[in-house]
Amino acid sequence: MTSPTDAPDKSAAAADTLRGGPRRGRARKGLGRGVPLPLLVPALLGLAFLVLPLIALLVRTPWHSLPDQLTSPEVWQALKLSLLCATAATAVSLVIGVPLAWLLARVEFPGRGLVRALVTLPLVLPPVVGGVALLMALGRNGIVGQWLDAWFGITLPFTTTGVVIAEAFVAMPFLVISVEGTLRAADPRYEEAAATLGASRFTAFRRVTLPLIAPGIAAGAVLAWARALGEFGATITFAGNFPGRTQTMPLAVYLALQSDPEAAIALSLVLLAVSVAVLAGLRDRWMTAS
């Protein structure tokens, strides 16, 4: 005889069966056993293609001489400059990128799609082309740079400031995309409620919106910082490769590869460690299983 307390459990189980809940659970558990071979083989090849170069870098690392390589003055000079310029480029991206992301997410205006496409263009633009474009705009004969030189005596190419500008140019789209996505996911009714209480739009952004999107800003800033730290093409084109002034870690790797491959591997290992640290810091955003 079925007790009254068993009826709800059986009803719930029947409802789950009709919805396909338990079947989905069994399907997920058995997915690994039922992967078709034509899909499994290329999937494993793709995994090996991405992981094997990193393993080769670790295998070929000169561990016995690694401390000497990493403590050399040239390495510390390049590392210090890289950290300084990447941090400055991230700060620039935050100051102008967060308002740009808010504009794209919250304001309707003609040509917004075109503006969004232009903002994301540096993501797909070859970095060397970005460096050439910066030279045409901010070089001594550039459309803006000529006036900076003539009126204020400011020269940006082949300077540390030029490194920051080149890194910000290629890194800021990562921040803008991240913050815009967070803004679109945030409920705008909080801002509307603040407006009904007499807050200006800027006050609502500062007091209400910013705390809501702080995780997205942090994630975008970390991505922008990592991208700026690894920038090579635009930097060497716009700022050159002068030790102590514009030679960042990627440029030092390129230079060392021609004369001292072990030093290049050691420097590459540092950048690899930074990338892993960034990925670990964003594990809740990128590495959470659904």
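Residue indices begin at 1 and follow the sequence shown.
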task: Would you please test V132 and F238 for side-chain contact (heavy atoms from CB on, under 4.5 Å) and show each step?
output: CA-CA 7 Å; V132 173; F238 183 65; over 6 Å; no

message: Quick test of your reading: applying side-chain hydrogen bond (donor to acceptor under 3.5 Å, both in side chains), list the pairs with at least one residue in residues 80-105, sequence neighbours left out, ordered by first then second residue.
response: T87-W225

- prompt: Residues sharing L114's hydrophobic cluster, by side-chain heavy-atom contacts under 4.5 Å among ILVMFWY, directly or via others?
  reply: L118

field: Pairing residues for V119 by the side-chain contact (heavy atoms from CB on, under 4.5 Å) criterion, not counting sequence neighbours
entry: L100, L104, V115, V176

Shortest non-hydrogen separation from P211 to R206 and the atoms involved: CD-O, 3.8 Å

task: Kindly work out whether a path of hydrophobic side-chain contacts (I/L/V/M/F/W/Y, heavy atoms less than 4.5 Å apart) joins L125 to L123.
output: no

- prompt: So Y190 and T209, side-chain contact (heavy atoms from CB on, under 4.5 Å) or not? Walk me through it.
  reply: CA-CA 8 Å; Y190 293 106; T209 307; over 6 Å; no

- request: Return yes if some donor-acceptor pair links the side-chain N/O of Q247 with the main-chain N/O of M249 below 3.5 Å, else return no.
  value: no

- prompt: What are the two closest heavy atoms between A204 and A194, and how far apart are they?
  reply: CB-CB, 4.0 Å

message: So which atom in L175 and which in A221 form the shortest heavy-atom distance, rounded to 0.1 Å?
response: CD1-N, 3.4 Å

- prompt: With sequence neighbours left out, which residue pairs that include part of residues 52-89 fulfil the ring pair (Phe, Tyr, Trp, His ring centres under 6.0 Å) condition?
  reply: none

message: I'd like to check the salt bridge (Lys or Arg N to Asp or Glu O under 4.0 Å) partners of R116; sequence neighbours left out, ordered by chain and number.
response: E180

- request: Check the hydrophobic clustering (I, L, V, M, F, W, Y; side-chain heavy atoms under 4.5 Å; chains of links allowed) and say if I213 and V107 are grouped together.
  value: yes

query: Between L58 and L269, does a side-chain contact (heavy atoms from CB on, under 4.5 Å) hold up when you go through it step by step?
result: CA-CA 8 Å; L58 295 175; L269 190 64; 3.5 Å; yes

- prompt: Nearest heavy-atom pair of R227 and P127: which atoms, and what distance?
  reply: NH2-CG, 4.1 Å

message: Filter on ring pair (Phe, Tyr, Trp, His ring centres under 6.0 Å), then keep only pairs touching residues 246-279, sequence neighbours left out; what's left?
response: F232-Y254

message: In this structure, would L271 and L223 fall into the same cluster of hydrophobic residues linked by side-chain contacts under 4.5 Å?
response: yes

message: According to a hydrophobic-cluster definition based on side-chain heavy atoms being under 4.5 Å apart (Ile, Leu, Val, Met, Phe, Trp, Tyr only), do I55 and V276 belong together?
response: no

field: Pairs flagged by side-chain hydrogen bond (donor to acceptor under 3.5 Å, both in side chains) wherever residues 141-170 is involved - sequence neighbours left out
entry: none

query: Restricting to pairs with a member in residues 97-111, which pass salt bridge (Lys or Arg N to Asp or Glu O under 4.0 Å), not counting sequence neighbours?
result: R106-E191, E108-R112

- line: Smallest heavy-atom separation, I96 atom then M172 atom, equals CG1-SD, 3.4 Å

query: For atom CZ of F49, is the number of surrounding heavy atoms from other residues, nucleotides or ligands below 6.0 Å larger than 12?
result: no

field: Sequence-distant partners of F242, ring-ring contact (aromatic ring centres under 6.0 Å, His included), two or more places apart
entry: none

task: Working to the nearest 0.5 Å, report the span between OG1 of T235 and CG of L134.
output: 9.5 Å

Side-chain donor/acceptor of T246 to backbone N/O of G240, under 3.5 Å: yes

query: Checking side-chain contact (heavy atoms from CB on, under 4.5 Å) for the pair I217/T182: CA distance, chi angles, key distance, verdict?
result: CA-CA 8 Å; I217 294 177; T182 306; over 6 Å; no

task: Indicate the atoms forming the closest heavy-atom contact of G233 with T237, along with that distance.
output: O-OG1, 2.8 Å

query: What residues form a side-chain hydrogen bond (donor to acceptor under 3.5 Å, both in side chains) with T120, not counting sequence neighbours?
result: none

- request: Working to the nearest 0.5 Å, report the span between CD1 of I265 and CG of L272.
  value: 12.5 Å

query: Can you tell me if CZ on R184 sees more than 12 non-hydrogen neighbours from other groups inside 6.0 Å?
result: yes

message: Applying salt bridge (Lys or Arg N to Asp or Glu O under 4.0 Å), can you list everything that pairs with R245, at least two apart in sequence or on another chain?
response: none

task: Sequence neighbours left out, what pairs pass ring pair (Phe, Tyr, Trp, His ring centres under 6.0 Å) with at least one residue falling in residues 152-188?
output: none

- request: First locate atom CG of N241, then atom OG1 of T248, and finally report the distance between them rounded to the nearest 0.5 Å.
  value: 7.5 Å

message: Are V92 and I165 connected into the same hydrophobic cluster when the rule is that any two of I, L, V, M, F, W, Y join if their side-chain heavy atoms are below 4.5 Å apart?
response: no

- prompt: How far does CD of E231 sit from CG of L251, to the nearest 0.5 angstrom?
  reply: 9.0 Å

